[in-house]
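Inspection log for the structure reproduced underneath, given as structure tokens.
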Amino acid sequence: MKVPQIAFNKDAILSFLLNHVEKVGGVVIGLAACGLVWGGVASLRNMRPSEQQQPQKIIEKAAETAAHIEAVKIAPDDELTGERGLADTIKNWLSPKIVPALPHAVFSKPLFGELSKRSGPDILPLEDLRAVAGVVAIGVRLKVAGDRPAPERPLNLDVADQPKPAKPPRGRGTPAPPQPPAPPEMVLRPEQPLTQAKIVPYVLVTGLIPVAKQATEYNRRFGTAGFRDAVLDTPSWHSYRIERSEVFPGTAEKWTPIDMKSVAQRYSADWSAIQPESLLPPLVLTPDQERRDTTASPIPFCSPLPRLADGSWGFNALHPWFANFLQVELEKQKIAATKLREKAAASSDVFGPAAGPLPGEPDTMPGASGQVPMELEYRQFRFIDLAVVLGHTYRYRVRLACWNPNNNVPSQHLADAELAKPLTVESPPSNDTAPIVVPDSTRMLVQPTKKQELKRLKSGLVSVLILGQNPAADAFALRSLLMEVGGIANVDPEANKKGDSRSRGDAIETDRVLLDVLGKTEDRAETPRTGKPTPPPEPLEMIFLRPDGTFEVTSSADSQPDIDRYRSTLFTDEAAAKAQPPAGGGSPFGNPFGPKP
């Protein structure tokens, strides 16, 4: 038998493929089919669903889970997030810890800040503008026929001598602009010995001048500028413009600027004197900050107040922010004085300090003699408006203006040459004050009644005090009235009966209706026979309905300062006539934001 020869040349390989390619393909397909069949048989043998994976079992499990969800509304204690620390885990996700970059090497820092050109600063508006209204008795000069007018002197609380006209701040390289003739400031003739009182309504507007924030804005604008000047780069206020809007229901607001020149002239002609204020100088703009243009603003940023005929303004003349600040400062001074006193008492030095005020002891009010630190965030803005009508509603807003720090600065130092032209830069308007209603000159007061006097009253009667204008003079006086709930609080002495005097004092018509009384009308301030003090009673409050439909709520705590001040105007017997009202109208720390007479 002949042995076949195998050749691997081109013709042999081509001949083999042509003769046997279909056989090779059939073998490959057969092997693949066998693999698929084997895989199916293996899956049937090894991957059959378990009993838990049967459809019926899955349906049963779903039903049990639904029943559990419906039955248990609150998670068990051991499943709460706080018990298992889930909150701590989520906390890292909500506020991831960012690792700060490594500090640069000293040699990589620039030796000088990046120099830039000067830009225009943003003038910040007044903050937290507020308005309060009331009625006061101010001292006015007595008009005497043929009296020769006394020489006028400027009314300026900033300086003691004659004030100089305001000038724009000048730095190096800034030529002096032409100065207009200095107009007359708000003036007041020397106080005359003969004065009389006049009851006037008022609205007191106060706000916060953001001196610290404005200085930060200037530093942001000019801190890296190529041209810098300490005078120009310090904020200095030029003037302010106050606008008033009388509120009428159903109509759009109409803002009208207040003519400050006429206001200054009217106040100088009417006021007898200025109310002395030793608390305010550390809280107002300094002379370097207030370079006021008397043409635009003849009245200082913190307006002076007229002298009251029956007391003083006290802390009522301050913005609440300053009143709170001064109270905190007073408490700090008291604590410091107490510590020094205790330290001195514990010292064994027989030659220690003598009795009397220790260093740091608050023998005066905070703010007097410059005891308040000058680095305050704000300075006070204040304006008193006496051209208001009783019963009318007003709103106010204010715009501030600063001297332009880029005025007359060479253009090569400015980002825009137009920045050197304006003389001033104005702020946006402040927030609008809430609508404030000017009350009438009558105020209802309440005071608990002594037990002996309460026994004489008939059931249902309560004692009410009325503070109103004295018909014989421009001053306030008290009246006393016994009335019932639902009665009208009008005092008519002619309606009194013998043995049953329902009212005392001058006649007055308030047309207020007593709606309700809350609290105990009996005064339990006396110590009982047991020697133990009684607990404080429930505060006595009353609510009245005014003729215009509004309500007036008065309490014994708010009424007590006015009752103490005007107590002598109610009684006519000798013992009561000798009683004098307390100086200053009571402690200024009692209630600085309470209603005013």
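Small disclaimer: the values here were computed from a predicted structure and weren't measured.
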Distance-only, no hydrogens or angles: does the Arg118 side chain make a donor-acceptor pair with backbone N or O of Phe227 under 3.5 Å?
yes

Could you check whether any side-chain heavy atom of Gln214 comes within less than 4.5 Å of a side-chain heavy atom of Ile123, counting everything from C-beta outward?
yes

Once you round to the nearest 0.5 Å, how far does CD of Gln333 lie from CG of Leu330?
6.0 Å

Is the backbone of Ala12 close enough, under 3.5 Å, to the side chain of Ser15 for a donor and an acceptor to pair up by distance?
no

Under 3.5 Å, side chain of Asn431 to main-chain N/O of Leu129, donor-acceptor pair present?
yes

Between the side chain of Asn404 and the main-chain N/O of Ala420, is any donor-acceptor distance below 3.5 Å?
no

Closest contact, heavy atoms only, Pro304 versus Ile299
CD-CG2, 4.2 Å

Verdict with supporting geometry, Asp259 and Val263, side chain to side chain contact (heavy atoms under 4.5 Å, CB included)
CA-CA 6 Å; Asp259 187 359; Val263 170; 5.7 Å; no

What is the minimum heavy-atom distance between Leu208 and Pro210, and which atoms define it?
O-CD, 3.4 Å

Relative to the ring of His319, is the ring of Phe322 parallel (under 30°), tilted (30 to 60°) or perpendicular (over 60°)?
perpendicular

I need the His238 NE2 to Thr424 OG1 distance, nearest 0.5 Å.
5.5 Å

Donor-acceptor contact present, side-chain Asn324 to main-chain Pro320, <3.5 Å:
yes

Would you call Lys57 and Gln53 a side-chain contact if the rule is heavy atoms closer than 4.5 Å?
no

If only atom types and distance count, is the side chain of Arg399 paired as donor or acceptor with the main-chain N or O of Glu426 below 3.5 Å?
no

Any side-chain heavy atom of Ser236 sitting closer than 4.5 Å to one from Gln289?
no

Determine, for Trp255 and Arg397, whether the Lys NZ or Arg CZ falls below 6.0 Å from the six-membered ring centre while staying within 45 degrees of the axis.
yes

Correct closest heavy-atom pair for Pro121 and Asn406 would be CD-ND2, 4.2 Å

Count the heavy atoms of every other residue, nucleotide or ligand shown that sit under 6.0 Å from NZ of Lys23, and state whether that count exceeds 12.
yes

Under a 4.0 Å threshold between the charged nitrogen and the carboxylate oxygen, would Lys421 count as salt-bridged to Asp416?
no

Taking NZ, NE, NH1 and NH2 as the nitrogens, is one of them in Arg379 or Glu290 under 4.0 Å from a carboxylate oxygen of the other?
no

Flag, side chain of Thr338 to backbone of Lys334, donor-acceptor distance under 3.5 Å
yes

ring-ring contact (aromatic ring centres under 6.0 Å, His included) evaluation trace for Trp321 with Phe381
CA-CA 12 Å; Trp321 189 90; Phe381 171 85; over 10 Å; no

Show the numbers, then the answer: is there a salt bridge (charged side-chain N to carboxylate O under 4.0 Å, His left out) between Glu127 and Lys213?
CA-CA 11 Å; Glu127 297 183 13; Lys213 296 179 182 178; 3.0 Å; yes

Taken to the nearest 0.5 Å, the spacing of Tyr378 OH from Ile209 CD1 works out to 12.0 Å

Look only at the side chain of Ser303 and the backbone of Pro300, and say whether a donor-acceptor pair between them is shorter than 3.5 Å.
no

For the side chain of Asn219 and the backbone of Ala215, is there at least one donor-acceptor N/O pair under 3.5 Å apart?
no

Hey, do the aromatic rings of Tyr218 and Trp403 have their centres closer than 6.0 Å?
no

Carboxylate-amine/guanidinium contact Arg220 Glu217, below 4.0 Å:
yes

pair Met260-Tyr240: side-chain heavy atoms closer than 4.5 Å
yes

Can you give me the closest heavy-atom contact between Arg228 and Gly223, atom names plus distance?
NH1-O, 3.0 Å

OG of Ser245 to CZ of Arg395, rounded to nearest 0.5 Å, is 7.5 Å

Grab the two heavy atoms, one from Pro125 and one from Pro429, that are nearest each other, plus how far apart they are.
CB-O, 4.0 Å

Under the criterion side chain to side chain contact (heavy atoms under 4.5 Å, CB included), I'd like the reasoning laid out for Leu318 against Thr206: C-alpha separation, chi angles, the key distance, then a yes or no.
CA-CA 7 Å; Leu318 295 179; Thr206 56; over 6 Å; no

Between Gln380 and Ala317, which heavy-atom pair has the shortest distance, and what is it?
NE2-O, 3.8 Å

Side chain to side chain, Asp122 and Arg221, heavy atoms closer than 4.5 Å:
yes

Find out whether Leu400 and Ser430 are in side-chain contact, i.e. whether some heavy atom of one side chain is under 4.5 Å from a heavy atom of the other.
no

Verify side chain to side chain contact (heavy atoms under 4.5 Å, CB included) between Val211 and Trp237, making sure each step is shown before the conclusion.
CA-CA 10 Å; Val211 292; Trp237 279 263; 3.7 Å; yes

Determine whether Phe222 and Asp229 satisfy the following criterion, side chain to side chain contact (heavy atoms under 4.5 Å, CB included), listing intermediate values before the conclusion.
CA-CA 9 Å; Phe222 310 129; Asp229 187 273; over 6 Å; no

Gap separating the OG1 atom of Thr251 from the CD atom of Glu246, nearest 0.5 angstrom
9.0 Å

Treating Arg244 as the side-chain partner and Tyr394 as the backbone partner, does any N or O pair qualify as donor plus acceptor under 3.5 Å?
no

Does the side chain of Thr393 reach to within under 4.5 Å of the side chain of Ile436, using non-hydrogen atoms?
no

Taking side chain as C-beta onward, heavy atoms only, is Leu376 less than 4.5 Å from Phe325?
yes

Out of Thr433, Asp432, Asp385, which one pairs with Tyr396 under the side-chain hydrogen bond (donor to acceptor under 3.5 Å, both in side chains) rule?
Asp385

Point-to-point distance, once rounded to the nearest 0.5 Å, from CG of Leu283 to CZ of Arg382:
10.0 Å

